[in-house]
Amino acid sequence: MSEHNLFDADTLQLLDEVREEGYDPYPPKYFPTHQAAAILSQFSDLENTSVTIAGRVITKRLHGKAGFAHLLSGGTKIQIYFRKDNLDEDTFHLVKKRVNVGDIIGITGDVFKTHTGEITVSVSACTLLSKALSPLPEKFHGIENVEVRYRQRYLDLIMNEDVRKTFQMRSAIVRSIRETLHHEGYMEVETPTLQDIYGGALAKPFTTHHNALDQDFYLRIAPELYLKRLIIGGFDKVFEIGKAYRNEGISVNHNPEFTLMELYEAYGNYETMMEISEKLIMGIRDSVLQKDTIEYRGKTINLSVPFRKMRLADAFEEFAHVDIVKLQDEQYAKEYLKKEKIHIDKSLCWANIVDEILKKKVEPHLSNPTFLYEYPLPLSPLAKKTSLQSQWVERFQLIMGSLEVGNAFTELNDPVDQQDRFLAQNEAKQHGDEEAHSFDRSYIEALKFGLPPTGGLGFGIDRIVMILTGSESIRDVLLFPQLRRREP
RNA sequence: GGGGCAUUAGCUCAGUCGGUAGAGCAUCUGCCUUUUAAGCAGAGGGUCGAAGGUUCGAGUCCUUCAUGCCUCACCA
């Protein structure tokens, strides 16, 4: 074996032997008549009838002139049984000697129940469909090395049923969200992930380059500003489910690329966004979970409507025992932070202080779905103020299992105010805030044509899936999480 | 980026005080016609993550590096 030859002599010889015996290790086609899951669920109809199924051999138990194996077929395990009496010599030899754990085979046979009551297919014909040249991990412990699980996720999926379940649930959750939104009259759209100016969130972007235009582009940190352009264009209810990219740390709650659902509704506001948030979560509860409570990180989460609603200021009062307005006073804020042993590296502006206390002191108390609403203006350059001179914006975050899973506001549609906010962000950027929002000229040009009063909502799909599947790490809900390049 | 822990057969893991590299599963050879972590008997399989160092002698001790996990920092 070498860098460009992954096969040793023994492996190639094995293939030769299989071919010499007349079996094609990689035949061109095979058509099963049944799914394993259907055979298990419709046993009474199928008992003693012949079926053709295909799948990967994951266990094999030989008993001399008979044997059992389990096939993993369409994600479902089903047992097969073979005995010398029922098979011609070639087929028996194939099943007994040449079919190994890991191989993909197709079999035909009658459905029956064994003495122990397991639904089983009794083999009358067998075809090798794909010879495995690498052995599967050990059957009992499966695969526990997390690096292998992430880098070779296919092995994880073959070996670990609960991992398959998690990703099936993820698919069902996303499907439920789509169905709820279609039912509510939203149109699904796609907007650019390669953007000239990144915006819609406060985060550091990935940068790339387009050769023909000789121009740098950014991978989007959020789809927000394009979706709002569509509201201006007259699509009154739109949503997008797609990846966003943020060039920041990796942790159990963060991956550089993650899936965001954003929706916008003309003539809505942050309160109507609360209603649609509840509908989305309830839709998942009823169609996917089919239960009212879930356990997450040692706490019980109760999924029932209406969700708790708390003004952010009241939550600060109740959980952090601090007056959020007085935190604008630097001396007061410093004393509080010192007392609570909270350390902030960034500049000690109101926005950063509030954000930090929110994460450290408030969110840990919020397991049940809770809308925290009315946020400080400096944290929210795209949200509408509660009143003309207010320092507050009509915004909420949906907290579940102590994680921020949703974020919504009444969209800022006053183009002059938006320009002022961008200018303030520009100032912050010049003072070293790398995450400050860029001044987006073409977005203000769009707003000048009139954005109707609009509500917008974003859901962190990965975090919602984490909570609802009981996954400790975001990596457990991403099929291929980001890892460092492996050095040869 | 800081700190801690880990890396031994395809997989899961032992390896004592520094003294010839081990088990189970998987693979191969026998036996076994209702098993399911099947069983019994045997065989093959290793650059102990990499590179240096200490030592008569290193899987074991030291240094550096790589990768992973945890944690802190960063992070809507």
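The chains referred to below are lettered A, B, ... by the order of the sequence lines, with proteins before strands, and numbering in each begins at 1. Keep in mind that the numbers below use all heavy atoms, side chains included, and drop hydrogens, waters and symmetry copies. Please read all numbers here as calculations on a predicted model, not as lab measurements.
Residue A:Val252 is classed as a sugar-phosphate contact, given heavy-atom separations below 4.0 Å to backbone atoms only. Contacts of A:Lys97 with the nucleic acid, taken as non-hydrogen atoms under 4.0 Å apart, involve only primed sugar atoms and P, OP1 or OP2. Nucleic acid contact class of A:Leu62 (heavy atoms, under 4.0 Å, all strands): base. Using a 4.0 Å heavy-atom criterion, one finds that A:Thr114 contacts the bases of the nucleic acid, with or without backbone contacts as well. Among the atoms of the strands shown, none is found under 4.0 Å from any heavy atom of A:Gly102. Within the nucleic acid shown, A:Glu138 comes within 4.0 Å of at least one base atom, counting heavy atoms only.
When the C1' atom is used for both B:C40 and B:G24, the distance is 16 Å, rounded to whole Å. Between B:C32 and B:G42, the two C1' atoms lie 16 Å apart (nearest whole Å). As rounded to the nearest Å, B:C62 and B:G4 have P atoms that lie 13 Å from one another. Atom C1' of B:G53 sits at a distance of 23 Å from the matching atom of B:A21, rounded to the whole Å. Separating the C1' atom of B:U7 from that of B:U60 is a span of 14 Å, rounded to the nearest Å. The gap from the P atom of B:A6 to that of B:A76 amounts to 34 Å, rounded to the nearest Å. Between the P atoms of B:G52 and B:G15, the separation comes to 28 Å (whole Å). Taking the P atoms as reference points, B:U16 lies 12 Å from B:G59, given to the whole Å.
Stacking of A:Arg170 on the aromatic ring of A:Phe167 is not recorded, the 6.0 Å distance cut-off and the 45° axial limit not both being met.
Searching all strands for a Watson-Crick or G-U wobble partner of B:C40 with both distances below 3.5 Å returns B:G30. Under the Watson-Crick or G-U wobble criterion, with both distances below 3.5 Å, B:G10 is paired with B:C25.
With distances taken from any side-chain atom of A:Glu144 to the nucleotides B:C13, B:U34, B:A76, the minimum falls on B:C13. For A:Ala66, taking side-chain heavy atoms from C-beta onward, the closest of the listed nucleotides B:U27, B:U36, B:U33 is B:U33. Here the nucleotide nearest the side chain of A:Glu435, chosen from B:U34, B:U35, B:A76, is B:A76. Of the listed nucleotides (B:C11, B:U12, B:U27), B:C11 has the atom at the smallest distance from the side chain of A:Pro137. Listed candidates were B:A76, B:A73, B:A37. Nearest to the side chain of A:Phe140 is B:A37. Checking B:U33, B:U34, B:A76 against the side-chain heavy atoms of A:His115 singles out B:U34 as nearest.
Place A:Ile143 and A:His254 on RNA chain B by their nearest nucleotides, and A:Ile143 ends up nearer the 5' end. Positionally, the nearest nucleotide of RNA chain B for A:Ala69 lies more toward the 5' end than for the other of A:Arg463 and A:Ala69.
Interatomic distance, CE of A:Met400 versus CE of A:Met466, reported as 11.5 Å (0.5 Å rounding).
OP1 or OP2 of B:C28 has at least one side-chain nitrogen or oxygen of A:Asn100 nearer than 4.0 Å.
Neither side chain, A:Thr454 nor A:Glu411, offers a donor N or O lying under 3.5 Å from an acceptor on the other. Judged purely by distance below 3.5 Å, without hydrogens or angles, the side chains of A:Gln42 and A:His34 never pair a donor atom with an acceptor atom. Side chains of A:Ser380 and A:Arg395: a donor-acceptor N/O pair is present below 3.5 angstrom, by distance only.
For A:Lys309, there are no salt bridge (charged side-chain N to carboxylate O under 4.0 Å, His left out) partners, not counting sequence neighbours.
A heavy-atom distance below 4.5 Å is found between the side chains of A:Leu457 and A:Phe396.
Applying the 3.5 Å distance criterion, the base of B:U36 shares a donor-acceptor pair with the side chain of A:Glu118.
Atom CG in A:Asp85 sits roughly 14 Å away from atom P in B:C32 (whole-Å rounding). Rounded to an integer number of Å, the gap from CG of A:Leu136 to P of B:C11 is 12 Å.
Once the 5.5 Å centre distance and the 30° plane angle are applied, the aromatic ring of A:His141 is found not to be stacked with the base of B:U12.
Nucleotide B:C56 carries an anti base; the chi torsion (O4'-C1'-N9-C4 or O4'-C1'-N1-C2) is more than 90° from 0.
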